[in-house]
Amino acid sequence: MTAEFFGIPLPALLGQLLLGLVNGSFYAMLSLGLAVIFGMLNIINFAHGALYMMGAFFAWMGLEYLGLNYWLMLGLAPLAVGLIGIVIERTMLQWLYKLDHLYGLLLTFGITLVIEGVFRSFYGVSGQPYQVPDALQGATNLGFMILPNYRAWVVVASLVVCFAVWALIEKTSLGAKLRAGTENPKLVQAFGINVPLMVTLTYAGGVALAAFAGVLAAPILQVSALMGSNLIIVVFAVVVIGGMGSILGSILTGLGLGIVEGLTKVFYPEASNTVVFVVMVLVLLVRPAGLFGKEK
């Protein structure tokens with residue numbers, strides 16, 4: 001006899017929790033990139049969803065046109081999007097750092113429309129299938145549930161990358177220089193550190209994280225020009241709940257809200273699309289700076 005929890009069969013409940021954890025992994029990685037860019041550059045990067053979509057499309061294009069497999073594109077797609085990020089930062093964003101956040105938001109929203117428009121004109125909006133790599137096909141029977149191998153890989157890869165980035169920024173001398181460069185760039189430059197280059201590479205790294213998440217998502221979702229715009233609003237809500245600019249807050253909040261969303265689909269499916277925003281409202285009423293943000 002199958003065990004039940006509040007009338008829900010345990011395998012069904014655990015399956016939804018896994019799905020929530022997978023979604024939470026994407027939320028964590030995307031919100032981490034947003035938090036890095038906002039915390040270091042003071043830019044609200046609305047183009048993050050479009051660059052996530054671009055990472056997925058580059059993986060699909062690499063396989064479709066060049067025969068490059070998933071594992072190669074897991075490294076090449078974030079690198080290519082990071083290079084595009086360097087061009088965006090050097091040609092447009094660098095002029096906005098001392099202006100109001102609204103200018104950066106409007107510019108990156110415009111960039112989003114351009115990128116999505118280009119991909120829609122070439123590939124439409126129906127979506128392109130991307131096959132799960134051979135090594136990760138199938139599932140593992142854990143006894144109490146069937147665990148799809150690829151979804152387990154997504155969770156593990158996301159956690160490793162997220163906490164590696166957190167450790168790099170919070171626990172290393174490079175991270176200390178990055179934080180100092182954003183707080184007092186003139187003083188840091190006086191020590192011979194190239195702050196503009198550091199800022200450019202920070203933006204490139206942030207958008208490369210989005211592209212990495214896009215490659216991970218490609219075998220799960222249909223690769224579509226609209227896949228970023230469908231996700232970015234939720235990710236912004238995650239960043240606000242965790243605290244704008246909080247690295248660890250973005251990771252933990254993304255994972256937590258993915259699980260909350262998964263549980264909501266089990267117990268009250270009608271609210272699953274809005275539960276993140278309900279949590280955001282409740283958090284902002286109690287703590288306007290977010291769960292991990294610093295009150296000014």
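Every value quoted in this text rests on a predicted model; they were computed, and no experiment measured them.
Pairs engaging residues 195-212 under the side chain to side chain donor-acceptor pair (under 3.5 Å) rule: N45-Y203, E89-T200, R90-T200 [sequence neighbours left out]. The list of side chain to side chain donor-acceptor pair (under 3.5 Å) pairs with a residue in residues 23-41, not counting sequence neighbours, reads Y27-E261.
In this structure the side chain of H48 reaches within 4.5 angstrom of the side chain of I37, judged on heavy atoms. When side chains are defined from C-beta on, V238 does not count as touching M280, because their heavy atoms never get closer than 4.5 Å.
More than 12 non-hydrogen atoms from other residues, nucleotides or ligands lie less than 6.0 angstrom from CD of Q137. Counting heavy-atom neighbours within 6.0 Å of F109 CZ, excluding the residue itself, gives a total of 12 or less.
Note that CZ of R151 and CD1 of I220 are 5.0 Å apart. Values are rounded to the nearest 0.5 Å. Rounding to the nearest 0.5 Å places OG of S224 at 8.0 Å from CE of M53. Note that the CG atom of L248 and the CD1 atom of I169 stand 11.0 Å from one another [nearest 0.5 Å]. Once rounded to the nearest 0.5 Å, the distance linking CD1 of I43 with CG of L105 reads 9.5 Å. Summarising the geometry, atom CD1 belonging to I232 is positioned 5.0 Å from atom CG belonging to L34; distances are rounded to the nearest 0.5 Å. A distance of 4.5 Å separates CG of L72 from CG of N69, quoted to the nearest 0.5 Å.
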Worksheet item: Given the rule in the side chain to side chain contact (heavy atoms under 4.5 Å, CB included) test, do H101 and F38 qualify, once you have shown the distances and angles that lead to the verdict?
Response: CA-CA 10 Å; H101 297 317; F38 181 80; 3.9 Å; yes

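Using a distance-only test at 3.5 Å, with no hydrogens or angles considered, no donor-acceptor pair links the side chain of Q128 to the main chain of W60. A donor-acceptor pair is defined here as one N or O able to donate and one able to accept, closer than 3.5 Å; such a pair exists between the side chain of T108 and the backbone of I44.
Checked against the 6.0 Å centroid criterion, the rings of Y103 and W95 do not qualify as a close aromatic pair. In this structure, the ring of Y52 has its center no less than 6.0 angstrom from the ring center of F212.
Nearest heavy atom pair, residue A225 against residue G124, reads CB-O, 3.9 Å.
Between F236 and F46, the angle of the ring planes stays under 30°, which puts this pair in the parallel group of the 30/60° scheme.
Take Y70 and apply the ring-ring contact (aromatic ring centres under 6.0 Å, His included) test, not counting sequence neighbours, and it matches Y150.
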